[in-house]
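Position 1 is the first residue of the sequence, and the numbers go up from there. Being a predicted model, the structure only gives us computed values, none of them experimental. Numbering of ligands and ligand atoms starts at 1, following listing order.
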Amino acid sequence: MLSTELEIAVQKAPQEQLKEKPDQNALGFGSIFTDHMFVMRWNRDQGWHDARIQPYQDFSMDPAAMVFHYGQAIFEGLKAYYGDQGEILLFRPRSNFERMNKSAVRMCMPRIPVDRMLQALKALVYLERSWVPTAPGATLYLRPTMIASEPALGLRPSDEYIFFILASPVGAYYAEGFNPVKIYVESKYVRAVPGGVGEAKTAGNYAASVKALTEAQRNGYTQVLWLDALEHKYIEEVGTSNAFFVLDDELITPPLAGTILPGVTRDSVLQLAHDRGMKVNERRISIDEVVKAAEDGSLQEVFSTGTAAVISPLGELFYKGERIIINNGETGPVARHFFDELQAIQFGRRPDPHEWMVRVA
Ligand code: COI
């Protein structure tokens with residue numbers, strides 16, 4: 001595609017079809033969608049074309065579309081924030097779009113220039129600016145997605161794709177909000193294997209995790225903590241988020257070695273920790289080390305980071321029949337600090353030293 005701007009056709013929903021805005025204090029996560037969506041198509045001859053913002057509506061797809069059969073689907077998650085001065089802000093959108101292109105390469109899907117995706121996102125958010133919640137902590141969650149749309153049953157990369165962006169006003173991801181969650185340490189199922197697609201944000205990773213999540217929830221746990229696939233020993237991720245440990249005043253998180261998602265919130269927390277002068281270590285950490293540290297008192301906090309969940313403190317781990325209580329089941333000062341700091345930057349209440357925020361309006 002040439003380096004000119006995207007030409008986006010805008011078809012606004014008629015006034016009488018505009019949806020009623022939801023109660024901002026009871027949003028939950030991901031079940032309400034705004035009035036419009038962005039859509040763009042790709043094929044081998046035309047590349048990316050037919051960019052449009054249109055009323056939110058169903059897709060009509062051939063049942064043989066390859067996404068239904070072979071799962072070529074990638075997505076991103078980011079948020080728009082209503083700032084204290086009434087401005088509308090995005091948090092590190094370029095990082096999401098760079099990651100989306102990496103996912104595309106891994107899944108043999110076409111890339112999209114980051115500037116074009118950002119232009120599309122800003123245009124959609126601007127049009128939907130009245131949907132960005134103003135209630136404390138609530139945001140407009142944005143879901144850029146790409147799917148294989150060619151109708152064909154032979155296994156190969158699709159020759160046609162649809163890229164779209166949805167917008168959904170959201171509150172907290174977990175019912176617990178910022179309160180500590182209980183986590184089941186998963187030692188039977190695995191999320192990703194070396195050489196697999198664990199670092200791509202592709203639908204199959206999420207599909208593969210649902211069985212473990214369901215079983216954990218049936219046992220009263222909110223999420224699972226994944227261990228590595230080879231030895232069932234090293235910590236990978238917490239559900240759909242990255243894992244952090246505070247051990248002897250040091251912040252530890254598993255390294256990006258191909259099987260975990262390179263989280264934008266993970267990267268931001270690492271940067272904020274460096275800014276704060278904290279000792280930071282990206283290294284492998286085993287579940288046995290965590291159990292031992294909990295026993296000898298050196299484990300201070302565990303929390304997870306992700307766009308949807310922001311920072312989520314872990315109050316309890318259940319591993320092989322034992323309950324490991326962390327920080328008396330309470331939110332610790334390090335998780336609290338990163339939560340406050342990140343949210344203050346995201347909502348424009350604090351200076352943004354790393355120029356993470358992008359203004360839409
Ligand atoms: C996010 O945190 O934005 C994600 O994409 C995870 C999803 C399961 C909500």
Side-chain angles (χ1 to χ4, degrees), residues 27-33 71 73-81 89-104 106-107 117 121 125 132-133 137-147 163-178 181 183 186 189 191-192 197-214 216-217 221-226 236-244 253 256 259-269 303-314 335 338-339 342-343 346 356:
L27 286 173
F29 186 86
S31 54
I32 300 159
F33 298 94
I74 58 175
F75 66 92
E76 277 301 322
L78 69 164
K79 287 174 172 172
Y81 305 81
L89 301 162
L90 300 169
F91 180 66
R92 305 188 70 179
R94 286 180 175 279
S95 303
N96 287 92
F97 290 136
E98 281 157 12
R99 185 173 66 186
M100 184 137 193
N101 278 338
K102 287 188 183 143
S103 300
R106 179 63 183 85
M107 302 305 290
M117 288 193 270
L121 184 78
V125 173
V132 180
T139 55
L140 187 66
Y141 185 79
L142 302 159
R143 175 51 68 84
T145 306
M146 192 195 301
I147 54 172
F163 170 76
F164 56 92
I165 307 175
L166 309 180
S168 169
V170 298
Y173 186 67
Y174 294 128
E176 292 88 337
F178 184 58
V181 291
I183 299 288
E186 181 54 68
Y189 304 115
R191 178 187 169 276
V197 295
E199 67 183 341
K201 202 163 171 69
T202 186
N205 284 332
Y206 295 79
S209 74
V210 170
K211 177 87 171 145
L213 173 66
T214 313
Q217 287 179 340
Y221 291 87
T222 302
Q223 266 294 354
V224 301
L225 189 147
W226 297 104
E236 297 256 296
E237 297 189 347
V238 179
T240 60
S241 320
N242 294 114
F244 280 85
T253 193
L256 301 179
T259 53
I260 68 172
L261 194 79
V264 177
T265 314
R266 173 189 182 278
D267 185 70
S268 309
V269 163
F303 59 91
S304 69
T305 66
T307 296
V310 195
I311 306 272
S312 177
L314 273 50
F338 288 130
F339 181 79
L342 258 182
Q343 295 266 284
Q346 291 168 331
W356 283 337

(Q) For atom 4 (C) of ligand 1, what's the nearest protein heavy-atom neighbour? Residue, atom name and distance, please. (A) Lys201 NZ, 3.4 Å

Q | From Phe29, Phe75, Tyr141, Tyr173 - option closest to atom 1 (C) of ligand 1 by heavy atom | A | Tyr141

Q: Measure Arg143 to ligand 1 on non-hydrogen atoms and call it side chain, backbone, both or neither using the 4.0 Å cut-off.
A: side chain

Q. With a 4.0 Å heavy-atom cut-off (strictly under), which part of Glu76 contacts ligand 1: side chain, backbone, both or neither?
A. neither

Q | Rounded distance [0.5 Å steps], CG in Leu140 versus CG in Leu90 | A | 9.5 Å

Q: Supply the atom-to-atom distance Thr139 OG1 to Tyr141 OH, rounded to the nearest 0.5 angstrom.
A: 9.5 Å

Q. Below 6.0 angstrom between ring centroids: does that apply to Phe303 and Phe339?
A. no

Q: Provide the number and element of each atom of ligand 1 under 4.0 Å from a heavy atom of Thr240.
A: 6 (C), 8 (C)

**Q.** Gap separating the CD atom of Glu186 from the CZ atom of Arg191, nearest 0.5 angstrom
**A.** 13.0 Å

Q) What distance separates Thr145 OG1 from Phe164 CZ, expressed to the nearest 0.5 Å? A) 4.0 Å

Q: Tell me which protein heavy atom sits closest to atom 2 (O) of ligand 1, plus the residue, atom name and distance to 0.1 Å.
A: Ala308 N, 2.9 Å

